Protein chains: 2
Amino acid sequence: MLAKQKELIVQLLRSSKLSITDTRVKILELFLKSNGALEHADFEKLSGKSFDRVTIYRTLQTFLDKGIVHKIPTTDTSVRYAICKSDCGEHDHHDHHVHFRCEECGSTRCLEETDIPVISLPKGYDAHNVEVVVSGVCKECK
Amino acid sequence: MLAKQKELIVQLLRSSKLSITDTRVKILELFLKSNGALEHADFEKLSGKSFDRVTIYRTLQTFLDKGIVHKIPTTDTSVRYAICKSDCGEHDHHDHHVHFRCEECGSTRCLEETDIPVISLPKGYDAHNVEVVVSGVCKECK
DNA sequence: GATGTTTATGCAACATTGTTGCAATTTTAT
DNA sequence: ATAAAATTGCAACAATGTTGCATAAACATC
Ligand SMILES: [Mn+2]
Ligand SMILES: [Mn+2]
Ligand SMILES: [Zn+2]
Ligand SMILES: [Zn+2]
């Protein structure tokens with residue numbers, strides 16, 4: 001791993017008041033390396049089975065709590081996580097972008113530049129959050 | 001069960017070229033009765049444990065294949081299903097509506113009148129399907 | 001309504017995914 | 001270097017989903 005990236009990761013953990021551990025550094029490294037969302041099984045594979053499953057679950061939950069990563073909805077039982085590129089904090093997330101799932105390569109990406117549209121709901125409904133997931137064929141697969 | 005509803009369900013199964021079985025009738029009955037999306041565990045509870053888990057999985061998959069139900073994306077591992085109110089067929093679904101998840105009562109509903117907005121993606125991306133899930137507080141819970 | 005054929009179901013066995021308690025280890029603060 | 005606090009790995013468990021196969025139910029034909 002590059003020293004620069006390591007420094008970046010350490011800063012990220014420190015600013016979230018998390019202690020610097022091998023698992024956390026490795027998982028953040030995998031997020032930065034990948035160009036899309038990752039799911040639990042990916043970490044077990046990509047990390048070379050060096051970490052316990054439970055630790056990975058707990059680490060992802062911690063990152064969620066701290067606003068370091070966010071989840072992306074799916075229609076199957078998998079849970080997909082992506083790193084927050086905007087500076088989300090523990091109590092305010094502002095990842096208001098569309099997600100894209102490619103039917104060819106299976107990758108899921110954050111489209112940072114594509115904003116979530118305004119949805120006008122029927123009377124009586126109060127919206128707190130809107131998730132948009134587009135599926136289709138990505139740039140690379142066409 | 002009302003005779004009228006039973007007849008409706010039988011028609012629905014026939015028009016999808018599915019044989020009429022107890023499990024299928026019961027599951028459709030539960031869909032019609034509920035005013036929101038259901039997940040696998042709901043069928044085991046609501047049906048009174050009379051059906052095998054495997055049969056429920058297979059029935060839901062069959063209904064999906066035939067366009068009788070559709071899935072709704074979630075950020076957890078649960079898979080939620082709702083009945084298609086538009087007349088979707090085996091090869092063409094046209095459920096282009098927004099879904100709403102209430103943070104209070106936990107119900108997920110199809111907002112049939114609320115259309116999916118047009119999303120303009122970055123160049124190179126080809127959209128086939130757009131899913132919108134809004135979370136917040138529903139009519140009844142306010 | 002009885003017949004054979006097709007289809008669906010239930011069961012067992014297994015795989016995958018996620019959770020909790022607790023002791024051992026690592027990190028951090030002093 | 002040491003003590004306190006936090007994280008990790010392990011075991012045990014719970015929930016969810018899949019497959020093969022024998023039995024049972026539904027369907028089409030007579
Ligand atoms: Mn994202
Ligand atoms: Mn719907
Ligand atoms: Zn692709
Ligand atoms: Zn509600």
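Sequence lines set the chain letters: A, B, ... in the order given, protein chains first and strands last, and positions in each chain run from 1. The shown structure was predicted, so the numbers you read here are calculated from the model rather than taken from an experiment.
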A/Phe51 has an atom CZ; how far is it from atom C1' of D/dC10, in whole Å? 16 Å
Quick tally for nucleotides 15-22 of chain C: nucleotides whose base has a protein heavy atom under 4.0 Å get B, sugar-phosphate-only ones S, the rest -, giving --BBBBB-
B/Ser19 side chain N/O closer than 4.0 Å to the phosphate oxygens (OP1, OP2) of C/dT7? no
Rounded to whole angstrom units, what separation is found between the CG atom of B/Asp52 and the C1' atom of C/dA13? 13 Å
Please give, in whole Å, the distance from D/dG9 C1' to A/Asp22 CG? 13 Å
With the 4.5 Å side-chain cut-off for hydrophobic clustering, are A/Leu121 and B/Ile72 part of the same group? no
Starting from P on D/dA15, measure out to CZ on B/Phe43 and report it in whole angstrom. 19 Å
Name the nucleic acid region contacted by B/Thr62, choosing base, sugar-phosphate or nothing; use a 4.0 angstrom heavy-atom cut-off, strictly under. nothing
Would you say a side-chain N or O of A/Thr21 is under 4.0 Å from OP1 or OP2 of D/dT8? yes
Between NZ of B/Lys17 and C1' of D/dC27 the distance, given in whole Å, is 15 Å
Option among B/Ile68, B/Val25, B/Leu18, B/Leu32 that satisfies the side-chain contact (heavy atoms from CB on, under 4.5 Å) test with B/Leu12: B/Ile68
Qualifying residues under ring-ring contact (aromatic ring centres under 6.0 Å, His included), relative to B/His40, sequence neighbours excluded: B/Tyr57
B/Arg101/A/Glu131 ion pair, N-O < 4.0 Å: no
Roughly, in whole Å, what's the span from CG in B/Leu13 to P in D/dA25? 18 Å
Sort out for me which residue in A/Arg109, A/Glu113, A/Lys85, A/His70 forms a side-chain contact (heavy atoms from CB on, under 4.5 Å) with A/His97. A/His70
So, A/Arg80 and A/Thr108: side-chain donor and acceptor under 3.5 Å apart, yes or no? yes
Which nucleotide sits closest to the side chain of B/Thr55: C/dT27, D/dT8, C/dG10? C/dG10
Would you mind reading off the distance between B/Ile20 atom CD1 and C/dT7 atom C1', rounded to a whole angstrom? 13 Å
Non-hydrogen side-chain atoms of B/Leu38 and B/Tyr81 separated by less than 4.5 Å: no
Rounded to whole Å, the CD1-C1' distance (B/Ile56 to C/dA8) equals 14 Å
